[in-house]
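What you see is a predicted model; the values in this text were computed from it and never measured.
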Amino acid sequence: MPRVALVCMPWASARRGSIALGVLKRALWRDRHAADIHHLNIRLAGRMHPGLYECISNVTLLGDWLFSQHLFGTYGSGELANSLAEITRTEGRDILAILDQLPMNTEAIVRDILPPFLDECLTEIPWGDYDVVGFTSVFVQHVASLLLARRIKDRWPGVRIVMGGSNLAGPMGRENLRAFEWIDAVVDGEGDAILPQLIRRLRCGEPIRGLPGVSCRDSDGLHFADAPAPLVPLRDAPVPDYAAFFDELRRQGLRDRIQPRILYEGARGCWWGEKSPCTFCSQNGQAMPFRAKPPRRLRREMRAQARRHDCLDFEAVDNVLDPRQLRELMPRLGRDGLDFRMFYDIRPTLTRRQVAQLRAAGVRAVEAGIESVHDGMLRLMGKGTSALQNIQLLKWCAEQDIAVTWHLLFGIPGEQAAFYSETLAAARLITHLPPPLKAGRVFLQRFSPYFQDPERWGIRNVRPTPLYRYVYPPDRVRLAELAFHFEWDWPGRLSDRRDLAGPLQDLVTDWRTAYRDRRIQFQFRRGPGMVELWDNRPLGGPWRIGELRRTVLKDLAAVAWEACIEARPLRAVAAAATAAGIRPDSSEAVGQVLAELVRGGLMMEARGNYLSLGVPWNRPL
């Protein structure tokens with residue numbers, strides 16, 4: 001009986017099984033098509049230090065360039081002069097500056113590690129036993145997939161090569177089909193329903209052209225799909241099959257060396273993006289409409305996967321947390337009493353109570369769409385959030401010991417020079433809270449509003465990131481059609497000015513170091529009629545972390561601090577003072593106290609709302 005091979009190539013993370021292939025295997029099984037999943041990324045991770053492997057997997061285009069030397073470079077067709085020496089001679093070292101941070105010479109990876117890995121991939125799996133080999137391609141695994149696909153096609157010409165994934169969306173997929181003659185078909189969009197139909201037609205000798213979302217080549221030439229495959233109702237999506245992932249981890253001796261996570265899917269699309277997409281966001285590509293699984297079903301799936309694989313670590317692939325999960329799933333998981341550890345992408349609009357719910361359910365890490373602590377920058381990016389909301393979220397996560405990944409972006413079309421100094425001033429007030437991963441210029445990716453309508457923002461000269469020229473042969477590939485990452489010009493961009501962007505980037509570097517070493521504190525302790533603050537944030541002047549400073553707030557100041565643990569307007573603080581029996585409680589008296597706390601850097605004010613910045617000494621863990 002013919003079978004389908006589903007392949008996950010490097011540099012997909014070795015800590016996560018492919019949810020796409022797990023879902024597709026089950027979808028094929030439903031349609032009575034047998035399939036095997038091959039996690040070849042884990043085989044490569046087993047040949048090198050897992051930490052080095054993960055580092056490469058997180059760098060845009062780096063892993064693609066390494067494999068490109070075996071596909072198009074010196075070790076391959078010779079279409080590209082793309083060795084490190086050639087690139088350095090042509091472009092200078094800056095284009096691959098990331099290499100200075102790697103603990104291994106990349107030339108040794110290309111010369112000593114990749115060749116035996118590729119030979120093993122080709123010889124130890126009986127590709128000729130399959131009639132269809134499908135590759136998933138997301139992030140930095142595209143060239144590795146192209147390379148193995150070509151070698152399979154060269155040795156077994158009758159095997160059909162099908163590719164799908166975000167790297168094949170829209171014009172990128174059509175260009176791949178045109179440029180790489182060993183690809184037989186490309187699936188654009190969600191393959192849950194389309195791939196089984198494609199397999200069925202191939203085996204029945206029927207043409208596959210005309211299938212929604214499928215571009216293909218046959219004896220009549222190339223046939224391009226007009227639109228992506230139809231979106232799949234998430235209630236119909238199969239539960240992913242991760243058996244092959246965990247089996248491969250054990251074979252490579254990695255099950256206990258790394259901490260694998262089970263990817264799970266509670267929703268597709270983005271409910272915020274449907275209303276107002278962020279200007280730089282490309283995450284959903286052509287599949288923005290929001291669809292979610294019932295929380296009860298999601299809980300059953302998580303428990304079953306944990307039991308099946310003896311794994312308690314989960315990572316949601318959802319672009320944004322479904323509000324229903326907050327209302328229904330998280331409280332139930334909290335009551336279950338299981339020690340799940342979970343990761344989510346979230347918007348910064350959560351309340352203090354909701355963040356506490358996440359912690360009780362087992363959420364220990366989040367990626368938050370913060371992007372800035374300046375209201376002007378946030379408006380330009382279409383975030384639909386405020387700086388005070390973003391800082392509140394950092395406070396709530398610090399209280400609950402939830403790790404936060406976020407970015408501080410600048411170089412936004414429409415920005416003003418004053419935004420930089422104002423952002424710097426706000427950032428210096430919160431150096432006791434989780435720092436951004438980095439501070440950098442906003443990026444341009446395919447499918448984002450910036451990319452789709454550059455004239456609206458005055459964006460000019462959009463061109464693929466330079467490294468693409470050393471990954472794909474320009475004589476073979478139209479890079480403007482295949483690329484996902486782009487550079488661009490904006491005449492009013494201020495981020496190139498070192499006097500504006502430099503201080504922000506320097507602060508973030510110092511902030512990250514200090515936070516890692518837990519050297520900065522701003523905590524408060526409650527007492528009878530008073531609040532005691534301990535603080536050593538470097539608020540002004542050169543960066544210097546000094547001794548802890550003690551401040552005692554009493555009477556109206558203490559009530560104001562307590563009232564503004566969550567952002568509150570003046571009238572709410574005055575009402576809290578009246579309820580506490582504090583006099584004077586007039587708006588004028590309250591306003592004076594609040595102004596003093598803001599001047600002292602103990603609170604922040606924005607749009608008439610006030611927020612106390614310290615975190616509790618006795619955190620509610």
Chemist: In Å and rounded to the nearest 0.5 Å, what is the CG to CG distance from N105 to L84?
Modeler: 7.5 Å

Chemist: Take D489 and R463 through the test salt bridge (Lys or Arg N to Asp or Glu O under 4.0 Å) and record every step on the way to the result.
Modeler: CA-CA 9 Å; D489 297 325; R463 69 268 184 200; 3.2 Å; yes

Chemist: Taking atom CG of L71 and atom CG of L66, what is their separation to the nearest 0.5 Å?
Modeler: 13.0 Å

Chemist: Give a yes-or-no answer on whether the side chains of Q325 and Y344 include a donor-acceptor pair shorter than 3.5 Å.
Modeler: yes

Chemist: Answer yes or no: are there more than 12 heavy-atom neighbours, outside R550 itself, under 6.0 Å from its atom CZ?
Modeler: yes

Chemist: Under the criterion side-chain contact (heavy atoms from CB on, under 4.5 Å), which of D506, T509, L507 is the partner of W543?
Modeler: L507

Chemist: Kindly indicate whether the side chain of T279, heavy atoms from C-beta on, has any atom under 4.5 Å from the side chain of L380.
Modeler: no

Chemist: Can Q445 and S282 be counted as having a side-chain donor-acceptor contact under 3.5 angstrom?
Modeler: yes

Chemist: Between the side chain of R379 and the main-chain N/O of S386, is any donor-acceptor distance below 3.5 Å?
Modeler: no

Chemist: L444 and E487: side-chain contact (heavy atoms from CB on, under 4.5 Å), yes or no, with the steps?
Modeler: CA-CA 7 Å; L444 181 63; E487 292 193 346; over 6 Å; no

Chemist: Going by the salt bridge (Lys or Arg N to Asp or Glu O under 4.0 Å) test, which pairs reach into residues 167-176, not counting sequence neighbours?
Modeler: E175-R178, E175-R478

Chemist: Salt bridge check, D313 against R341: does any charged N sit closer than 4.0 Å to a carboxylate O?
Modeler: yes

Chemist: Donor-acceptor pair, W271 side chain versus L321 backbone, under 3.5 Å?
Modeler: yes

Chemist: With a sphere of 6.0 Å drawn around CZ of R456, does it hold more than 12 non-hydrogen atoms of other residues, nucleotides or ligands?
Modeler: no

Chemist: When the ring planes of W406 and W511 are compared, do they come out parallel, tilted or perpendicular, using 30° and 60° as the limits?
Modeler: perpendicular

Chemist: How many angstroms lie between CG in L326 and CG in D322, if you round to the nearest 0.5 Å?
Modeler: 8.0 Å

Chemist: Kindly check if the number of other-residue, nucleotide or ligand heavy atoms within 6.0 Å of CZ (R549) is above 12?
Modeler: yes

Chemist: For the backbone of V143 and the side chain of D64, can you confirm whether one donor and one acceptor N or O come within less than 3.5 Å of each other?
Modeler: yes

Chemist: Tell me which pairs pass ring-ring contact (aromatic ring centres under 6.0 Å, His included) where either residue lies in residues 470-506, with sequence neighbours left out.
Modeler: F451-F486

Chemist: Any donor-acceptor pair under 3.5 Å linking the side chain of D318 with the backbone of V320?
Modeler: no

Chemist: Return the CG to CD distance between N176 and E481, rounded to the nearest 0.5 Å.
Modeler: 11.0 Å

Chemist: So is R347 actually on top of W272's ring, under 6.0 Å and inside 45° of the axis?
Modeler: yes

Chemist: Are the side chain of H432 and the backbone of L613 linked by a donor-acceptor contact shorter than 3.5 Å?
Modeler: yes

Chemist: Run the ring-ring contact (aromatic ring centres under 6.0 Å, His included) test on F524 and W617 for me, step by step, so that the C-alpha distance in whole Å, both residues' side-chain angles and the decisive distance to 0.1 Å come before the verdict.
Modeler: CA-CA 5 Å; F524 69 91; W617 168 73; over 10 Å; no

Chemist: I need the minimum non-hydrogen distance between V615 and K395, along with the two atoms involved.
Modeler: CG1-O, 4.3 Å

Chemist: Would you call E399-R352 a salt bridge at under 4.0 Å N-O?
Modeler: yes

Chemist: Give a yes or no on this: more than 12 heavy atoms of other residues, nucleotides or ligands lie within 6.0 Å of atom CZ of F139.
Modeler: no

Chemist: Which heavy atom of P348 sits nearest to which heavy atom of G369, and what is that distance?
Modeler: CG-O, 3.4 Å

Chemist: Just by modelled atom types, is the R359 backbone N or O under 3.5 Å from a matching donor or acceptor in the R364 side chain?
Modeler: yes

Chemist: Quick check for you: to the nearest 0.5 Å, what is the distance between L409 atom CG and C278 atom SG?
Modeler: 10.5 Å

Chemist: Would a distance-only check, ignoring hydrogens and angles, find a side-chain to backbone donor-acceptor pair under 3.5 Å from W11 to G63?
Modeler: yes

Chemist: Does a side-chain N-to-carboxylate-O contact under 4.0 Å join E415 and R493?
Modeler: no

Chemist: Between F314 and Y264, what is the ring plane arrangement, given parallel below 30°, perpendicular above 60°, and tilted in between?
Modeler: perpendicular

Chemist: Quick check, are the ring centers of Y450 and W457 under 6.0 angstrom apart?
Modeler: yes

Chemist: Hey, does the side chain of E605 reach the backbone of G608 with a donor-acceptor pair shorter than 3.5 angstrom?
Modeler: yes

Chemist: Any side-chain to backbone donor/acceptor pair from N536 onto R519? Under 3.5 Å, distance only.
Modeler: yes

Chemist: For the residue pair T513 / R516, report whether a side-chain donor-acceptor contact shorter than 3.5 Å exists.
Modeler: no

Chemist: Does some side-chain heavy atom of R460 sit less than 4.5 Å from a side-chain heavy atom of P454?
Modeler: no

Chemist: Do the side chain of R441 and the main chain of G411 share a donor and acceptor less than 3.5 angstrom apart?
Modeler: no

Chemist: Indicate yes or no: does E54 engage R15 in a salt bridge with an N to O separation below 4.0 Å.
Modeler: no

